[in-house]
Amino acid sequence: MRRKQDLPQKYCVQCQRPFTWRKKWARCWDEVRHCSERCRREAKQSNAPRRQMHEQHD
């Protein structure tokens with residue numbers, strides 16, 4: 001059995017915190033960018049194009 005400190009580690013692109021490999025990420029570890037669903041959702045919201053307010057001209 002491997003110890004947690006021996007597992008691969010990455011930094012979350014949203015919160016900049018380190019996170020370690022999980023078994024559920026075994027097949028897609030190269031594509032994992034966020035440490036949690038919360039960070040993934042926040043990144044998705046901050047990258048969404050914002051609608052600009054239309055100014056009214058008199």
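FYI, side chains are in, hydrogens and waters are out, and symmetry mates aren't considered; it's all heavy atoms of this structure. All residue numbers refer to positions in the sequence shown, counting from 1.
Summarising the geometry of Q16 relative to V13, their closest heavy-atom pair is NE2-O, 3.0 Å, with the distance given to 0.1 Å.
Under the salt bridge (charged side-chain N to carboxylate O under 4.0 Å, His left out) criterion, E31 pairs with no residue at all, not counting sequence neighbours. R40 meets the salt bridge (charged side-chain N to carboxylate O under 4.0 Å, His left out) test with E37; sequence neighbours excluded. Residues passing the side chain to side chain contact (heavy atoms under 4.5 Å, CB included) test with Y11, sequence neighbours excluded: P18. Residues forming a salt bridge (charged side-chain N to carboxylate O under 4.0 Å, His left out) with R33 (at least two apart in sequence, or on another chain): none. With sequence neighbours excluded, the residues that form a side chain to side chain contact (heavy atoms under 4.5 Å, CB included) with R38 are S36, E42.
The CZ atom of R17 sits 9.0 Å away from atom SG of C12, with the distance rounded to the nearest 0.5 Å. Interatomic distance, R22 CZ to C35 SG, rounded to the nearest 0.5 Å: 7.5 Å. Interatomic distance, Q45 CD to Q14 CD, rounded to the nearest 0.5 Å: 9.5 Å.
At a threshold of 4.5 Å between non-hydrogen side-chain atoms, the residues K10 and F19 count as touching. For the pair R27 and W29, the minimum side-chain heavy-atom distance is 4.5 Å or more.
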